[in-house]
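Worksheet: one structure, shown below.
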Amino acid sequence: MALVLPDGAVREVQGATTAAEVAGAIGPRLLRDALAARVGDRVVDLSRRVGDVAPAPAEGGRCPFAILTVRDPQGLEVYRHTTTHILAQAVRRLWPGTRLAIGPVIEDGFYYDMDVRDAAGNAVRLSAEDLPRIEAVMADVIREDLPVSREVMARADARALFEKDGEDFKVEIVDGLPAGAEVTLYRQGEFYDLCRGPHLPSTGRVRAFRLLSVAGAYWRGDERRPMLQRVYGTAFAGQEELERYLWVQEEAKRRDHRRLGPELGLFQLRDEAPGFPFWLPRGYTLWRILENWSRQLQEPLGYTEVRTPIILRSELWERSGHWGHYRDNMFTMEREGERFAVKPMNCPAHCLLFGSETRSYRDLPVRFAEYGQLARYERSGTLHGLLRVRSLHQDDAHIYCAPEQIGAEMAGIFGLFDRIYGTLGMTYEIRLATRPEDFIGDPEVWRKAEEDLAAAVGAAGRDFALAPGEGAFYGPKLEFHVTDALGRKWQCATAQLDFNFPERFDLSYVGSDGQRHRPVMIHRAIFGSLERFIGVLIEHFGGAFPAWLAPVQALVLPIADRHGPYADRVAAALREAGLRAAVDGGGEKIGRRIVAGRLQKVPYMLIAGDREAEAGTVAVRCRSRGDLGPRPLEQVVEALRAEAASRAPAPEGAAPRTPAQSGTDGG
RNA sequence: GCUGGCGUAGCUCAGUUGGCAGAGCGCCUGCCUUGUAAGCAGGGGGUCGACGGUUCGAGUCCGUCCGCCAGCUCCA
């Protein structure tokens with residue numbers, strides 16, 4: 001058969017040749033680095049014979065083939081997967097009564113869920129202090145360089161084996177495998193595990209790993225089933241990559257918006273109102289800047305802003321379907337024998353507004369924007385700073401349009417997304433979330449909506465991943481997952497196509513043919529919720545906002561008391577130009593007040609002493625570049641005004657400087 | 001919501017076998033009148049998350065509740 005290598009070269013081999021032999025034939029160095037192989041689109045062990053794993057039509061035909069190393073994402077996955085087995089093996093060596101559940105690879109690492117028990121069968125509670133011990137045993141396993149072998153078993157034999165071992169979870173997994181599935185076992189030394197594979201050729205290939213944490217996790221995610229212990233870990237190609245990853249984790253902790261927010265005077269989270277943030281003047285300044293920016297971008301595009309009631313009668317929610325499909329997430333109340341609910345979404349109210357007058361095709365699209373407050377009940381355990389709250393304000397809009405206008409509207413929405421995320425220096429990935437189990441409407445209509453959304457993404461020249469079953473109950477969603485400066489992903493923006501609400505609210509417009517037609521509805525939010533978005537921005541910028549976003553853009557520091565009046569004049573001149581300025585005239589020495597300003601991450605400090613007051617200048621100190629020396633006041637005001645107006649990124653950029661970066665490849 | 005951990009001054013945290021509630025930073029006052037990463041001195045500040053119990057005596061032990069953190073689950 002003919003293998004087509006990634007560089008396009010074709011290699012003729014016998015079907016009985018193993019992937020490892022192919023690697024060896026290509027080069028000894030490749031064989032040394034080889035972790036697994038990709039044959040067709042299957043990732044397989046190096047020990048597999050290519051003829052056994054090639055896709056069926058490959059008989060005599062051409063089959064794509066690649067040797068995977070730790071540099072390939074799929075190779076790294078195999079590498080981490082074997083590391084999970086090494087983890088399980090180590091835990092077993094320490095606590096022989098341990099029963100294993102599942103140990104998958106996840107983004108950036110892996111975990112293994114286990115019921116840890118000692119030889120006598122007593123449950124063992126792991127803590128962070130146990131991790132180094134486990135790591136030491138894992139290092140032993142790696143040092144022993146145990147060959148990893150794959151065995152195909154009859155389902156009944158596998159079941160019997162795990163039953164004999166008391167591995168109840170594995171038995172349950174075997175029983176749940178689909179009828180025709182091949183049951184495979186992977187062995188390394190004394191350890192074996194039910195596993196689909198593939199795996200590294202031997203345990204000695206793992207170079208750098210670290211166990212990160214231990215936490216409880218329910219078997220199969222079901223709180224009625226046993227709580228297992230989940231050990232999280234990660235593995236990288238080498239020590240340097242591992243260190244870099246750990247550094248990013250540390251940096252993420254330093255940037256935690258729950259710490260920075262109160263520290264920078266942005267918001268408070270208080271016991272008095274769990275999930276409902278309190279916004280302080282500086283945080284609310286940031287909020288208003290974002291909200292007004294959003295308005296400013298949307299008004300020219302024909303959006304009209306509305307405001308609808310926060311509490312509405314249950315009949316509305318019954319009509320929209322929320323009562324049946326979203327009630328668990330709503331705050332409800334009863335008065336005079338009637339049920340009410342705080343709105344968790346604006347769409348039903350907007351539908352009432354759309355339907356309140358006769359609409360002509362000439363009026364379409366109608367675009368209602370709203371920044372009003374929503375409330376969603378979230379279970380107490382899910383609350384998390386600003387990223388998961390019960391009070392949220394979306395930069396929401398509902399577009400009512402004719403079916404043939406969907407493409408153009410979606411293009412307009414993509415334009416807004418690019419404008420906003422581009423300005424903030426964030427990229428995004430798109431996921432198409434399709435029909436959930438609990439849905440309203442006609443499956444055929446759903447299918448059409450999903451197709452339309454996919455087409456819209458294609459028309460924008462973008463790619464998407466599928467998120468099956470994760471759509472809203474009324475329609476499929478495009479989710480925009482933005483990547484922040486630390487490479488973490490957050491779901492913020494969303495665009496949803498909805499044929500159901502127009503139906504339920506019997507919405508119509510009069511077409512050019514004089515007939516009534518059903519409009520299509522697009523739900524969309526760009527920031528998502530202001531709360532979450534500000535939380536993400538705080539972590540993205542580490543609190544060091546670019547000048548246009550900074551709640552205080554310039555802090556004026558008089559050297560001595562006698563410079564107070566001049567400092568006030570400087571601040572007044574800045575405010576006159578629409579800039580946000582504050583004066584720190586406290587009795588501390590200048591060095592002390594500079595430290596305070598730095599801790600508040602103010603972009604510019606303007607120092608005013610005798611020389612400056614005399615010459616009408618200020619000594620400019622920039623957050624990233626330090627002391628820039630004296631500049632004429634008018635020049636400083638103008639430069640700062642221009643910087644803010646352009647929404648320029650912070651001079652130092654949002655990307656963190658890492659120990660691994662020498663400054664040449666800063667992202 | 002579930003499992004585990006935690007809750008002491010505005011913040012970060014000490015507080016021994018149950019025996020007079022502490023430190024650093026911040027805050028206030030005074031001195032200094034300040035020149036680019038923390039000047040000196042003094043002072044105020046606590047229902048030890050809430051409620052109940054055990055005890056001569058509870059920050060400390062027990063119970064219930066509330067909140068926070070991690071994970072599960074869920075999602076903007």
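Letters A, B, ... are given to chains in the order of the sequence lines, protein chains preceding strands, and every chain is numbered from 1. Because the structure is predicted, anything quoted here is derived from the model rather than measured.
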Closest-nucleotide ordering on RNA chain B, the 5'-leading residue of A:L599 and A:Y111: A:L599
Gap in Å between the two C1' atoms, one belonging to B:C68 and one to B:G49, rounded: 10 Å
Atom CG of A:D328: over 12 foreign heavy atoms under 6.0 Å: no
Nearest-Å distance once atom P is located in both B:G43 and B:C25: 14 Å
Residue pair A:R623 / A:M605, side-chain heavy-atom distance below 4.5 Å: no
Any A:K477 side-chain N or O less than 4.0 Å from OP1/OP2 of B:A76: yes
Polar pair under 3.5 Å, donor/acceptor by atom type, side chain A:R230, base B:C72: no
Residue matched to B:G1 through Watson-Crick or wobble contacts both under 3.5 angstrom: B:C72
Between A:S320 and A:Y326: side-chain donor-acceptor atoms closer than 3.5 Å: no
Side-chain N,O (A:R621) to OP1/OP2 (B:A37) below 4.0 Å: yes
Side-chain donor or acceptor of A:E263 paired with backbone N/O of A:H257 under 3.5 Å: no
Side-chain touch A:F541/A:K601, heavy atoms, less than 4.5 angstrom: no
Sugar-phosphate, base or nothing in reach of A:E588, heavy atoms under 4.0 Å: base
Euclidean distance for C1', B:G53 against B:C72 (whole angstrom): 34 Å
N/O (side chain, A:R388) to phosphate O (OP1/OP2, B:C68) under 4.0 Å: no
Sugar-phosphate only, base, or nothing, as touched by A:G221 at under 4.0 Å among non-hydrogen atoms: sugar-phosphate
B:G63 - base-pair partner by Watson-Crick or wobble geometry, distances under 3.5 Å: B:C51
From CG (A:L387) to OG1 (A:T382), nearest 0.5 Å: 12.0 Å
Atom-to-atom span, CD1 of A:I526 to P of B:A76 - whole angstrom: 16 Å
Side-chain-base donor-acceptor pair under 3.5 Å for A:R379 and B:U73: yes
Presence of A:R259 side-chain N/O under 4.0 Å of B:C69 phosphate oxygens OP1/OP2: no
Sugar-phosphate, base or nothing in reach of A:I590, heavy atoms under 4.0 Å: sugar-phosphate
Touch class at under 4.0 angstrom, heavy-atom based, for A:V214 against every strand present: nothing
Sugar-phosphate, base or nothing in reach of A:Y232, heavy atoms under 4.0 Å: sugar-phosphate
Contact under 4.0 Å: A:H384 side-chain N or O vs B:A70 OP1/OP2: yes
No-H, no-angle donor-acceptor pair, A:E378 side chain to B:G1 base, under 3.5 Å: no
Interatomic distance at P, B:A9 relative to B:G59, whole Å: 14 Å
Any A:Q491 side-chain nitrogen or oxygen under 4.0 Å from OP1 or OP2 of B:A76: yes
N or O in side chain of A:S380 less than 4.0 angstrom from B:G1 OP1/OP2: yes
Separation of the C1' atoms in B:U8 and B:U60, to the nearest angstrom: 11 Å
